[in-house]
Each structure stands twice: as structure tokens, then as C-alpha cells.
Amino acid sequence: QVQLVESGGGSVQAGGSLRLSCAASGYTYSPTYMGWFRQAPGKEREGVVIIDRDSGVTVYADSVKGRFQISQDNAKNTLYLQMNSLKPEDTAMYYCAVRRGTRFTVAMFPALLSPEYFGDWGQGTQVTVSS
């Protein structure tokens, strides 16, 4: 069973930066996509950014475009999220997730920002941005 362990969360002031990491282990399958999601109190979980594990193609939520950057080290089975110019509205629990199975067409790729397409999740790391 795959295990995903996030780290790197914390408290920062608006305009600051954080780098999240997600270490994966125990794979019994080859993942097709990995992603970062977040959930603020009282809100639904939302997709932040998704990456095709093989091609490196990405899709970002509009709210983080130009500020967040996803990267991966497949040799280390580690996913990263560099978050710059943080805003108070970025405050949330951030989760790493993995999808196995069917690939999406390029046209459908943005749909992967929906949590329903991911089956394996980490425990999350808290990010708090103060104004």
C-alpha cells in the first residue's frame, strides 16, 4: 500500500514562501498522475496543481498560477510544491495525492484538479498565512 508523507508546512506572513514535500513509498503500481490539493476550514477540498508523472505536463488552479511551482524527483519518489507570494487565502491543509490507471486526454487534463480522480492521499501538512 502506497504511503504519502507531506512535510514543509508552517506559518508565514503574506508575501512569504514555503516549500512542501511529499515522500512516496510502497508503490505496487506505476502512478500516472500526482498532485497537490488543499482544504480550508468549512470548504471543500480543491485541486492546486497536477503533474503527469511521465511527461511532466502540469495544470494549475487559476488561483495559484504564477505563484506556485510543482516539481518531482522520480528517482526519489518525491513531489514538491514551491509556494511564493503567499496570501492569507492560501491558508489550508495541503495534501499530496496519487492517481493510478487510465490516462486523461489533453483536453480533459484540467478535470484532474477534482479530488474524485485520486485514490491515495497523504495525511496533510498545514499552511497558515497571516496578513
Side-chain angles (χ1 to χ4, degrees):
Q1 183 175 354
V2 63
Q3 290 188 324
L4 303 171
V5 180
E6 302 96 334
S7 61
S11 297
V12 296
Q13 290 191 328
S17 298
L18 284 172
R19 189 190 193 209
L20 307 184
S21 298
C22 172
S25 62
Y27 279 127
T28 58
Y29 58 88
S30 294
T32 48
Y33 303 101
M34 297 189 73
W36 288 98
F37 294 79
R38 66 186 182 186
Q39 188 167 18
K43 294 188 176 181
E44 293 187 352
R45 191 170 298 189
E46 63 177 2
V48 175
V49 56
I50 307 301
I51 187 167
D52 183 312
R53 200 169 183 268
D54 291 337
S55 69
V57 173
T58 59
V59 59
Y60 289 83
D62 289 343
S63 58
V64 305
K65 281 181 181 177
R67 300 188 298 121
F68 290 13
Q69 177 74 43
I70 192 172
S71 61
Q72 60 182 355
D73 184 336
N74 287 347
K76 295 181 179 180
N77 282 329
T78 303
L79 189 70
Y80 303 98
L81 182 65
Q82 178 66 43
M83 305 187 295
N84 300 323
S85 303
L86 283 161
K87 304 176 181 180
E89 51 263 44
D90 293 319
T91 295
M93 185 72 79
Y94 282 71
Y95 299 90
C96 171
V98 176
R99 173 180 167 82
R100 72 179 85 178
T102 308
R103 288 192 170 278
F104 279 40
T105 64
V106 172
M108 289 296 296
F109 194 48
L112 283 166
L113 285 169
S114 176
E116 65 180 294
Y117 295 112
F118 287 77
D120 293 301
W121 295 84
Q123 83 290 346
T125 185
Q126 178 68 39
V127 172
T128 302
V129 185
S130 58
S131 57

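For this chain, numbers begin at 1 and follow the sequence in order.
- A salt bridge links Asp62 with Lys65: at least one charged nitrogen is closer than 4.0 Å to a carboxylate oxygen.
- Under a hydrophobic clustering in which Ile, Leu, Val, Met, Phe, Trp and Tyr are joined whenever their side-chain heavy atoms come within less than 4.5 Å, directly or via other members, Leu112 and Val2 fall into different clusters.
- The shortest non-hydrogen separation linking Tyr60 to Ile70 is OH-N, 2.9 Å.
- Atom CD of Glu44 has 12 or fewer neighbouring heavy atoms from other residues, nucleotides or ligands inside a 6.0 Å radius.
- Contact annotation: the side chain of Gln69 never approaches that of Asn84 to less than 4.5 Å [non-hydrogen atoms, C-beta and beyond].
- Thr91 contributes a side-chain N or O that, together with a main-chain N or O of Val129, makes up a donor-acceptor pair within less than 3.5 Å.
- For CD of Gln82, the number of neighbouring non-hydrogen atoms (other residues, nucleotides, ligands) closer than 6.0 Å is greater than 12.
- Val59 and Met108 fall within a single hydrophobic cluster, where Ile, Leu, Val, Met, Phe, Trp and Tyr are joined by side-chain heavy atoms under 4.5 Å apart, directly or via other members.
- Ring geometry for Phe109 versus Tyr33: interplanar angle of 30 to 60°, hence tilted.
- Between Ser85 and Ser17 the shortest heavy-atom distance is N-OG, 4.3 Å.
- Val5 and Ile51 fall into different hydrophobic clusters, where Ile, Leu, Val, Met, Phe, Trp and Tyr are joined by side-chain heavy atoms under 4.5 Å apart, directly or via other members.
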Check against side-chain contact (heavy atoms from CB on, under 4.5 Å), Val12 and Met83: CA-CA 11 Å; Val12 296; Met83 305 187 295; over 6 Å; no

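- Looking at Thr32, its side chain does come within 3.5 Å of a backbone N or O of Arg99 through a donor-acceptor pair.
- Taking CD of Gln39 as the reference point, atom CD of Gln126 lies at 11.0 Å (rounded to 0.5 Å).
- Separating the CD atom in Gln72 from the OG1 atom in Thr58 is a distance of 10.0 Å, to the nearest 0.5 Å.
- The structure places CG of Leu81 at 10.5 Å from SG of Cys22, a figure rounded to the nearest 0.5 Å.
- Between the side chain of Asn74 and the backbone N or O of Arg53, at least one donor-acceptor pair lies under 3.5 Å.
- Counting heavy atoms from C-beta on, the side chains of Leu20 and Glu6 never come closer than 4.5 Å.
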Stepwise ring pair (Phe, Tyr, Trp, His ring centres under 6.0 Å) check, Phe37 with Trp121: CA-CA 10 Å; Phe37 294 79; Trp121 295 84; 4.9 Å; yes

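- The shortest heavy-atom contact between Cys96 and Leu79 is SG-CD2, 4.1 Å.
- Shortest non-hydrogen contact noted between Leu4 and Asp120 is CD1-O, 3.4 Å.
- To the nearest 0.5 Å, atoms OG (Ser63) and CD (Glu89) are separated by 8.5 Å.
- Counting all heavy atoms, side chain and backbone alike, Ala40 lies closest to Ala92 at N-CB, 3.8 Å.
- Hydrophobic clustering (side-chain heavy atoms under 4.5 Å, transitive across Ile, Leu, Val, Met, Phe, Trp, Tyr) groups Val49 together with Phe68.
- Hydrophobic clustering keeps Ile50 apart from Val64 (ILVMFWY residues linked when any side-chain heavy atoms are closer than 4.5 Å, directly or through intermediates).
- The heavy-atom pair separating Gln123 from Tyr95 by the smallest distance is O-CE2, 3.5 Å.
- Counting heavy atoms from C-beta on, the side chains of Tyr80 and Asp73 come closer than 4.5 Å.
- A 4.5 Å side-chain heavy-atom check between Arg38 and Val127 finds every atom pair outside the cut-off.
- Interatomic distance, Lys87 NZ to Ser130 OG, rounded to the nearest 0.5 Å: 15.5 Å.
- Distance check: Ser21 OG to Lys76 NZ gives 10.0 Å after rounding to the nearest 0.5 Å.
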